[in-house]
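What follows is a set of notes on a single structure, which appears directly below.
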Amino acid sequence: MAIDPKYSELVTNIENGDEDGGIEAAKGLLESGVDPLDIVQDAIMPCLKEIGDRFARMEVFLPEMMLAADVVKGVQDVLRERFSAIEVASEGRVVIGTVFGDIHDIGKNIVAAVLEANGYEVHNLGVNVDPKDFIKKAREVDADLIGLSSLMTTSIPYMRDVIDLVKESEVDRDRFKLIIGGGPVSEETVELTGADGWGENAADAVDAVRALMESG
Amino acid sequence: MQNQSRLLDIVDRAYDGPPCEERDFDLKHVAAGVARVVKEYDIGFDRSTFIQRDDDMIDRLFEASLDFLESCGVYNATTGRRMLFTGREIKEYVASAPKEAVIGEGRDAHTEVYRSVEDPRPPTIIGSPIGSPLSEDMYVPIMQSYIQEPIVDTTTPGTLDSTYGREPRTQSPYEVVAAWQEVDLIFDAARRAGRPGMSIGCVQMAISEIGHLSAISRGGYRPVDWHSIAMFSEMKVNNGLLIKVAHSVRTDGVIQSFYNPILGGLGGGEEGVAVLIVAGLMAMQLMYMAATHSSAPVTPLIPADTVPQLLRSMSAAHSALSRHTGMMTDLPISPLAGPGTETLLYEVVAAATVGTVCGASRLMGPRSATGVHLNHCTGLEARFMGEVGHAVTGTSREQAEEVVQRAVARYEPELTGKPFGKPFAELYDVAKVRPNAEWLGIYDEVKEEVASWGVDFG
Ligand code: B12
């Protein structure tokens, strides 16, 4: 789907990672009477999706994706400010991190950036995250989904700890879906840990997250 | 040169350096910094070749990386500060890097040396699955299969998938037990292979500093083993890593450093990755006083360093370091394919050739089947890596380019699949630790073909 030319200034600023420019463009659109929801659905979402696709083809790189996400956050704040009654659309809220003992974060950061580029609100807790901190953050932001990354067999047990904490809690059990990923993770790990799903790579992660969100 | 004064000077910088948010470091210092120097120094690779031969460009790559390292520094994630070095310090420290180191002891001692581009002396051969997960019952035969290969000069083990039947949780008492189990098993494998004095790269089970501090002590790993310490991508350390450094400096170990930047990450494309390798390896010389410096860059899509873009990054980066410093560098080979496949062997040909002619001091690996599939590694592929390294030693970059072109053409189409091969027990007689007819047959066939490309296996 081609993006309406009236959004081209906004889109260019998102692509260039220019936050001030993006905010200006969004304000201009609002002033000329464009509905904020249309801005999100017809400009921001398709633009972010395109950036994600370009990354998959290695035409743009991680910094561009991160900066584009920053512009979008700034723009969304403006939209929210002006129309506080309107809930700015998000595909879902995800808390993600690398589990305890593990500092590998390249893959997890890519998954986080690609999820953001696909319209999810992502809370990235970083690396070496204590099992309890995942739950704490998920409750705090009312997450839909917790994403756990582990690159080492020696940290898989900590992945299971997070999943056990959720599954054993009456409050959290039906509230947070759990998705896992990282080098040694496979279908078998899903069985071993009791996670709800897994993603083999960044593109796969988006599909898996979408499927889990749809499963309700 | 290792000494405590320098160690303290480095540690001070983790506390005195300017504070910085991690995200600002990532975007403003690393991403913007690499992009700036790639443009300013006009770094561009010849996409029609793998081995980069434009020495002017390679020299500019070195200058660009020095500039980048001086402006960016290294982020200490524990203290939230940038550890900074002046251009003069960088040059002085890099000049003090050892050009030679003796590792191992007795009959099994080995001298590793700095190598120039097209050096006539062969690289040191580190035959190893580099941290790949191994089951307890297969650990000794698998590691013996590497150590017993005469062409292998030194090794570093896999990681234990379990420790006495328990999950080896890191940062728990299990880590200590697992690190000591590694000591017991790897020395057992070395004795069985008849090479008890061989130097071992350690500690693979030191997922945190706990395993390192524990297993490098009385009755465990020795100063003649090489102590392996990482730097995180991109350009980051934490106090856990500096604790490993402090321990190895005080116990007089030979330090090996490693750092794996990512293609498509903060450094951008293949030229940016080369800047990060050169700058990162120099940074580890400064901070860790390492004897050898290693980098296995990765891609977000294919978990192997044999993809064409990374062959170019590694070729340019190793050449730049070799032309401008006396630093000893390792080229770890991380193929996608696993044992029992031709693909693995072709990947090894390409990467081993790039490393050998571009001045790497040591070829390391192969870390078969991306290093995550249980027991998917055998000593035979390390033998082949060593043979290729020795055979292409002294050849010109032009000749070597032809070999790499042919090898890549053979494996590139397979890189979108999952050619992970077979586990050790299906390719070796486990009790006798000998490759079976199937695996030897594949090895012989590929070797014969590679010989027909003009590679002289002697
Ligand atoms: C780069 C790297 C490093 C870098 C990490 C830098 C960083 N900032 O992350 C450095 C050099 C620091 C490093 C250090 C170590 N490493 Co390391 N490292 C790797 C390497 C080569 C590549 C990992 C990578 O980044 N791949 C590229 C990314 C893009 O892929 P990815 O992470 O798999 O992510 C993709 C998918 O998995 C998925 N995904 C990932 N997370 C998630 C999460 C969710 C929710 C979903 C849906 C999907 C998803 O999508 C991602 C994008 O496509 C791997 C080898 C390998 N094949 O994985 C070893 C590897 C993981 N390391 C290993 C080891 C042993 C270590 C050390 C312990 C070595 C040591 N003794 O010091 C230390 C660990 C320190 C620690 N406490 O964690 C082993 C682990 C073996 C095991 N037992 O499981 C491996 C497998 C290599 C090996 N065989 O030795 N390492």
Side-chain angles (χ1 to χ4, degrees), chain A residues 17 19 52 54-70 98-114 124 126-128 130-131 150-161 182-186 188-189 192-193 200-205, chain B residues 22-23 26-28 30-32 34-35 77 131-134 159-163 166-172 174-175 178 204-205 207-208 210-211 230 232-234 236 238 240-241 260-270 272 298-303 307 309 370-374 418:
Chain A
E19 191 167 347
R54 281 187 209 156
F55 177 75
R57 295 193 299 267
M58 285 275 107
E59 291 164 13
V60 300
F61 305 121
L62 191 61
E64 285 94 324
M65 269 205 308
M66 290 167 72
L67 288 170
D70 279 356
T98 302
V99 301
F100 188 71
D102 192 344
I103 57 76
H104 293 87
D105 66 356
I106 296 171
K108 182 261 302 168
N109 287 346
I110 291 171
V111 171
V114 173
N124 188 340
V127 296
N128 195 16
D130 189 89
S150 171
L151 269 278
M152 297 185 299
T153 47
T154 43
S155 280
I156 299 273
Y158 294 108
M159 196 174 238
R160 209 184 47 229
D161 288 352
V185 170
S186 66
E188 230 173 89
T189 328
L192 182 88
T193 57
E200 191 169 4
N201 52 46
D204 202 38
Chain B
E22 190 158 355
R23 197 179 160 89
D26 290 347
L27 288 174
K28 294 188 185 145
V30 179
V34 173
S132 300
L134 308 180
T159 49
L160 281 157
D161 187 51
S162 58
T163 182
R166 276 78 162 184
E167 287 177 326
R169 279 176 189 257
T170 174
Q171 291 184 49
S172 80
Y174 295 122
E175 181 170 340
Q204 283 294 341
M205 288 310 287
I207 310 299
S208 75
I210 292 169
F232 302 149
S233 349
E234 305 297 349
K236 288 178 194 166
N238 62 22
L241 295 173
N260 305 340
I262 178 142
L263 179 70
L266 297 175
E270 54 196 76
V298 291
T299 84
L301 305 170
I302 300 167
V307 300
Q309 297 95 317
T370 79
V372 301
H373 296 276
L374 190 70
K418 293 186 173 162

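The basis for the numbers below is simple: all heavy atoms, side chains too, and nothing from hydrogens, waters or symmetry mates. In what follows, chains carry the letters A, B, and so on, assigned in the order in which the sequence lines appear, proteins first and then strands, with residues in each chain numbered from 1.
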Is [X] close to chain A through its backbone or its side chain, or both, or neither, when contacts mean heavy atoms under 4.5 Å?
| X | value |
| --- | --- |
| B:Pro303 | neither |
| B:Ser233 | both |
| B:Leu266 | both |
| B:Val30 | neither |

- Message: Run the side-chain contact (heavy atoms from CB on, under 4.5 Å) test on B:Ile262 and A:Leu62 for me, step by step, so that the C-alpha distance in whole Å, both residues' side-chain angles and the decisive distance to 0.1 Å come before the verdict.
- Response: CA-CA 10 Å; B:Ile262 178 142; A:Leu62 191 61; 5.9 Å; no

Search all heavy atoms of [X] against all heavy atoms of [Y] and return the closest pair with its distance.
| X | Y | result |
| --- | --- | --- |
| A:Pro63 | B:Gly265 | CD-O, 3.2 Å |
| A:Gly101 | B:Gln171 | CA-NE2, 3.7 Å |
| A:Ala56 | B:Leu301 | O-CD1, 3.4 Å |
| A:Phe61 | B:Gly268 | CD1-CA, 3.3 Å |
| A:Ile106 | B:Asn260 | CD1-O, 4.1 Å |

Taking side chain as everything from C-beta outward and backbone as N, CA, C, O, which of these in [X] sits under 4.5 Å from a heavy atom of chain B? Side chain, backbone, both or neither.
| X | result |
| --- | --- |
| A:Asn109 | neither |
| A:Met152 | side chain |
| A:Glu200 | side chain |

- Query: Just by modelled atom types, is the B:Thr170 backbone N or O under 3.5 Å from a matching donor or acceptor in the A:Tyr158 side chain?
  - Reply: yes

- Query: At what distance, to the nearest 0.5 angstrom, does CE of A:Met58 lie from CD of B:Glu270?
  - Reply: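 Reported value, rounded in 0.5 Å steps: 11.5 Å.
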
- Task: Nearest 0.5 Å please: distance from the CG atom of B:Asn238 over to the CD1 atom of A:Ile103.
- Result: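 Rounded to the nearest 0.5 Å, the CG-CD1 separation comes to 7.5 Å.
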
Below 4.5 Å, heavy atoms only, C-beta onward: do [X] and [Y] meet side chain to side chain?
| X | Y | result |
| --- | --- | --- |
| B:Glu175 | A:Thr154 | no |
| A:Thr153 | B:Leu374 | no |
| B:Arg169 | A:Asp161 | yes |
| B:Arg23 | A:Asp70 | yes |

